[in-house]
Every structure is written in structure tokens, then in C-alpha cells.
Trainee: 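A single structure is presented below for examination.
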There are 2 protein chains.
Amino acid sequence: MSSRSQTIADILTRAIIDHRLVPGCKLGERELSEIFDVSRIVVRQALIRLADDGLAQIERNRGAFVAKPSMQEAMEIYDALTLVEQGVAAQLSDRLGPAGWAELRQHVERQRQAVAAGNDALADVLGQEFHSVFVRLSRNKVMQEIHAQLVRRTTLLRSLITADFDYCNLLDDHSRVVDLLEKGRLKQAMDLIDTHHRAVVRGYIMDREVYAEMTPAEALAPYLDGRADSAAPIAPRAPTRPSGNGNGTAHVHVHLPKQDPAPKSRASAKKTNRGLPA
Amino acid sequence: MSSRSQTIADILTRAIIDHRLVPGCKLGERELSEIFDVSRIVVRQALIRLADDGLAQIERNRGAFVAKPSMQEAMEIYDALTLVEQGVAAQLSDRLGPAGWAELRQHVERQRQAVAAGNDALADVLGQEFHSVFVRLSRNKVMQEIHAQLVRRTTLLRSLITADFDYCNLLDDHSRVVDLLEKGRLKQAMDLIDTHHRAVVRGYIMDREVYAEMTPAEALAPYLDGRADSAAPIAPRAPTRPSGNGNGTAHVHVHLPKQDPAPKSRASAKKTNRGLPA
DNA sequence: AATCGTTGATTGATATCCAATCTTGTGTTT
DNA sequence: AAACACAAGATTGGATATCAATCAACGATT
């Protein structure tokens, strides 16, 4: 059992990754302490952990908020991610054994099947996981942690933007990177990684504001009860209407019909689902 | 003014970097709270920050200790550092303007002068700073922070090992990397970066144990009084004498004949002269 | 000498309290 | 009516005191 503040930090991280807590959302100490039924101090410690991870920002005497990276920072994060993955690619092209290549191919194949089966949510998760599997094969835990942190921060960005790109292309990229690397065409593989990330960033269009769709209490409820991870690992994400075609914007945060008539909820904000058919 | 826990975390970080607090050193909450004259809670928050940064490790119900990386982890840190700096090198070789190259050359020159003047301590600091300047020129704050964290962790290693290498070679490496990069010989520059770091790691020989030479109160005293950074930024480091012979153990923490494990003297446990750094 | 309780110290956490600061709402002024 | 000023309320940052759980060292027992 790790400390309670770590547990709470994990839950908050999870909620942010799942887009249940959106950038700019206030993380009040009292509110969270009541939600988790712990003292304010434990909450504060959890918030410090989140801030160190780049997922929250603490403003003195004003409190903690889910971090809201600027476009500049978004690009820096993706640049760093590219740099790390290119470096790992260079290492793997030398050192990776057959079992490693097999694992990568197997992962791509699983994602392909998910796409074929129309399970966009699963395909999305697998698509993200590919990068983590990739880095894990470097067998460098320090590097893994750095990469994982960067990936967590990219999920922040996805709440702030309007995704507009084709997942099938991204899947193909994964497959091609593996091919290129195994054939020793390192340079081409690294270029493809760069292009891959640029494709994602280019698809981003920073929207002006994001409004919370639910109170923290509602957002965190699924993680609380019996087990911290029983419910809503994927469900809370975009209510992915599994539309058959490929350009479904899986990451968009659709505005659910709220049952909470909070006076200030200008739930009508933008987030127009560009490209989401029907 | 940032929070007090951040201030304390900064001081502890500084003390660790300065090798006044060595790996394995116990960071007791009560002891630190008395040293800094704050409550235990603030200390705990500072320790959480240190742990998130990889400089301390917290064991449940046992407390916090200055982190003591394994040889495996040491190599992973250096691998990650190599990966990051190679990636930055690749970026700079494309994008860096004349002013940037000038800054790098100027830094190398300053270090060269320090070496010439026999100011080994300054040369050492400049040698470390070179890498930070290098990364700063990438103008990517996210990458800078990642790199800075890795560098901080390498300073931990230097307390654990017996350094055995020639600083002049390392200085030449810096100079040559700049030359190669500016001439567009990226591949050679990257190889040199790799070699450079491997030279450092190869010089390392993990010693068995490190013993604290002073109590935390003594170690932290210089940072406390008037200003947090008035005294002892370099002094406490190893009496770096790159003596002619190759095995000058530059960074070693010599095992002083401590009055420590006197089986009976619980006086030592009582922290004889706690506080009052007079 | 080795094992097994006991005791003391330390950590994890809570509740309560207080000062400083920020936010908000009201009331006044222009 | 709009802009400003000020007071009240709320929130954060922090201190202190307290408590249970756990760990470590010590001592007694076999």
C-alpha cells in the first residue's frame, strides 16, 4: 500500500487522462478532501505530486487547477516526445531481438483488428499504447518514466483541441515504423516518427476555452467506490459513437446532455465535432 | 514567493547536488523540521517533491532517504542523458544561428581559462553547465527540465563512485562537439556525445558504501542563515585535485573514522549537537 | 548464543486553529 | 448607469496537538 496521497494523485491523474477533469478545472482542497474523505493535507500532497508531473498548476493563494498548456508548450511536448522516440528507435534498430519485433508487430495487429471490428475506443487506446510498448523495449526504466510523463501531458492537450486527423494513417505509421526499423532503415524510420507526431500536432486547433461538463465530484465518482479502477476506464472518454468510417474524431469531447443545471454552465461552448459524421 | 515546501525542497536539492547530503542519508521529518524551523508537514511536502524528482526515496513507515541509485539505474540515467543530448544535437545542427554557436564557444573558452588558471572547482562546474547551455539552446523548456532532472540525478552518482578520468579530455570533447556540429557532421558529433558519456560511466566504479560525514544539521547550515545561497556552493564538494596520476579519486567521499556505530552510544542517535550551527 | 516480547521512536494521518490573500458583493461616487 | 472603493466571506498556506500503526532497537528468556 502506498501512501494515501499517492493513491489520490493516481486517481486524479487517471481522471485527467480520461478527460473527466479538463484543463483549467479548479481542484479545490476542501472539495476534494470531502470527495475522497481525507484531510485537506493529504489532498495538498496529492496536488503537489500532480503539479510535479505537469498535470496541475498551483497558484499561490489561489489553489490548484488542471494544467492548461499553451500552444507553445504543446509543441514543446511533442518535440520532446519526438526526440525521445527517435532516440529509442535508434537504439532499438541496433539492439532489439526477434522477440521484440514480434511484440511490436503483435501490438500493431491487435490495433488493426480493433479498427476492423469498429471498436474505435479500443483502437484509440492501443494506438497510444504502441508508443509506450515501443519505449519499454528499450529496457530503460528512466527513459520509460520520462516518456510516460510526456504522454500523460499530451492527453491534456487533447482536451484543448479539436482533433481532425485520420487514425488509419496513424496506424499505418506504426506498422511502417516497425518495418523500417527492422530493415535497418533508421533514418527513414526517424523521419516517419517526426512526420507522425507533426501530423498529430497539425491536426490540432487550439480552441479558446474548455468548460467542465461536470463537477469534480461527478467526474471522480467512478473511481471511488469499491475498487479504484472498476468502472469507467474508457467509458468516460468521448462517448465514441462508433461510426463506421475512418475519420471519426475519437478524441473529441462531446457535450453530454447535462443533468446538472449549474447556472454558470455555458455548456454550449464550441468543440464543434469537426468531421464527425452524424 | 513560492511555497515554503518548495523552498525547502530547493535547499535540499542544492545540498544533495553539493554532496553535502550523500545517498542513503536519512532525512528525518522531525530533524528537518527543527533545522528549518517549520512543521513536519511542510517537510513532508518537500520530501515528496524530492522523491518525484528522483533525488529521494520514501519508504513507507520508514521515512525518506537520499536516493541511492543502483549501477543499473546509473547506466540508464546516462543512456537517457545521451539520448536527449544526441537529439538536441540533431536539432541544433539544423536550426542554431551564429549567436548560438558563439555562446557555446564562449562557454568552452571560459572553461578552458578556468582549467588554465588551475581553478579546478570552477572548471568542473562549467563543464557540467556546458550540457545545460547546450540543451537550453534548443529553446524547449520541457526538454530543458527533463535534462536538468537527469543531470541532477547524475550528481547523485558522483557521490557513489570513484571518478577516474581526465577532465581535459572531457573539455576537448565539448569543443569538438561544437566544431563537428557547426560543420554539419552530425553523425560524428552524436558518436562523440555517446563516447563522452561512456567515458564518464567507465570511469565510475561503484563503491560499496558511503557514510555521511556530517549530520543533516551540519550539512544544511550554510544554506540557512541570511541568504539561502551565500555559502558553500562548491566548497563542500570533493577536494578536486586532478593530480597527475590517473587515479586521483576526485569525487570520492572518503570514509572518515566516524564515531558512529558505537554500539552503546545512543548519543549518536540523539544527534548530539543537533541544530545550533553556531 | 539465539529467539521472542516489550518499549521507544518515527511515520501517516486527522482535526482544529490562525494569518494572509483572493474573491465577491455591496455601496458610494462620478 | 458605470466605475471605483471597501467590507465580508471564502480559500489557501501553515502551525500545533493528537492518535494509531509500524519499525527498530533493546532486554529478557530459553
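This structure is a prediction, so every number in the text was calculated from the model and none was measured. Labels below follow one simple rule: chain letters A, B, ... track the order of the sequence lines, proteins then strands, and each chain is numbered from 1.
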Trainee: Any side-chain N or O of B/Arg44 less than 4.0 Å from the OP1 or OP2 oxygen of C/dG12?
Mentor: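 Affirmative; the distance criterion is met.
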Trainee: Could you tell me whether A/Glu73 and A/Arg153 have a side-chain N and a carboxylate O separated by less than 4.0 Å?
Mentor: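 Counted as a salt bridge, because a side-chain N and a carboxylate O are separated by less than 4.0 Å.
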Trainee: Counting any heavy atom closer than 4.0 Å, what does B/Ser39 reach on the DNA or RNA strands: base, sugar-phosphate only, or nothing?
Mentor: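 Base, at least one base atom sits under 4.0 Å.
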Trainee: Could you tell me the separation between the CZ atom of A/Arg30 and the P atom of D/dT11, rounded to a whole number of Å?
Mentor: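 Roughly 7 Å, once rounded to whole Å.
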Trainee: What nucleotide among D/dG13, C/dA15, C/dA13 has an atom nearest to a side-chain atom of A/Ile41?
Mentor: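 Given the options D/dG13, C/dA15, C/dA13, the side chain of A/Ile41 is closest to C/dA15.
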Trainee: Should B/Arg62 be listed as having a side-chain N or O under 4.0 Å from OP1 or OP2 of D/dA24?
Mentor: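 Checking B/Arg62 against D/dA24: at least one side-chain N or O falls below 4.0 Å of OP1 or OP2.
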Trainee: Take atom CD of A/Glu34 and atom P of D/dT12, then tell me their distance rounded to the nearest Å.
Mentor: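 It is 11 Å, rounded to the nearest whole Å.
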Trainee: May I have the distance from A/Ile48 (atom CD1) to D/dT12 (atom C1'), rounded to whole angstrom?
Mentor: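 A/Ile48 atom CD1 is separated from D/dT12 atom C1' by 12 Å.
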Trainee: Choosing from C/dT11, C/dT14, D/dA15, which nucleotide comes nearest the side chain of B/Val42?
Mentor: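 Nearest nucleotide to the side chain: D/dA15.
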Trainee: Whole Å only: how far is the CG atom of A/Leu32 from the P atom of C/dT14?
Mentor: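 One finds 14 Å between P of C/dT14 and CG of A/Leu32, rounded.
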Trainee: Look at the side chain of A/Arg40 against the base of D/dG13 and say whether a donor-acceptor pair falls under 3.5 Å; ignore hydrogens and angles.
Mentor: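 Answer is yes: a donor-acceptor pair is held.
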Trainee: Separation of A/Arg60 atom CZ from C/dT21 atom P, in whole Å?
Mentor: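 Atom CZ in A/Arg60 sits about 8 Å away from atom P in C/dT21.
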Trainee: When you check the gap from the basic side-chain N to the acidic O, do B/Lys26 and B/Glu59 get nearer than 4.0 Å?
Mentor: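 Salt bridge: no.
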Trainee: Distance check needed: C/dG12 P versus A/Phe36 CZ, whole Å only.
Mentor: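 In whole Å, C/dG12 P lies 20 Å from A/Phe36 CZ.
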Trainee: Taking only Lys NZ, Arg NE, NH1 and NH2, and the carboxylate oxygens of Asp or Glu, determine whether A/Arg136 and A/Glu145 approach each other closer than 4.0 Å.
Mentor: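 Not counted as a salt bridge, because no side-chain N and carboxylate O are separated by less than 4.0 Å.
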Trainee: For A/Asn61 and for B/Gly63, locate the closest nucleotide of DNA chain C by heavy-atom distance; then report the residue assigned to the nucleotide nearer the 5' terminus.
Mentor: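 Whichever sits nearer the 5' end wins; that is B/Gly63.
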Trainee: Figure out the CD/P separation between B/Glu31 and C/dT10, and round it to whole Å.
Mentor: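 Checked: the CD to P distance equals 9 Å.
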Trainee: In sequence, state the C-alpha distance, the side-chain angles, and the governing distance for A/Gln128 and A/Arg158, and then conclude on side chain to side chain contact (heavy atoms under 4.5 Å, CB included).
Mentor: CA-CA 12 Å; A/Gln128 288 186 247; A/Arg158 276 200 271 278; 2.8 Å; yes
Trainee: Once you apply a heavy-atom cut-off of 4.0 Å, does B/Arg4 come out as touching a base, just sugar-phosphate, or nothing?
Mentor: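 Counting heavy atoms under 4.0 Å across all strands, the contact made by B/Arg4 is with sugar-phosphate only.
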Trainee: Counting only side-chain nitrogens and oxygens, does A/Lys26 get under 4.0 Å of the OP1 or OP2 atom of C/dC22?
Mentor: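 So the side-chain polar atoms of A/Lys26 never come under 4.0 Å of the phosphate oxygens OP1 or OP2 of C/dC22.
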Trainee: Taking atom C1' of D/dT11 as reference, at what distance in whole Å does atom CZ of A/Phe65 sit?
Mentor: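 That distance rounds to 10 Å.
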Trainee: Using a strict 4.0 Å threshold on nitrogen-to-oxygen distance, state whether B/Arg14 and B/Asp18 make a salt bridge.
Mentor: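 Answer for the salt bridge query: yes.
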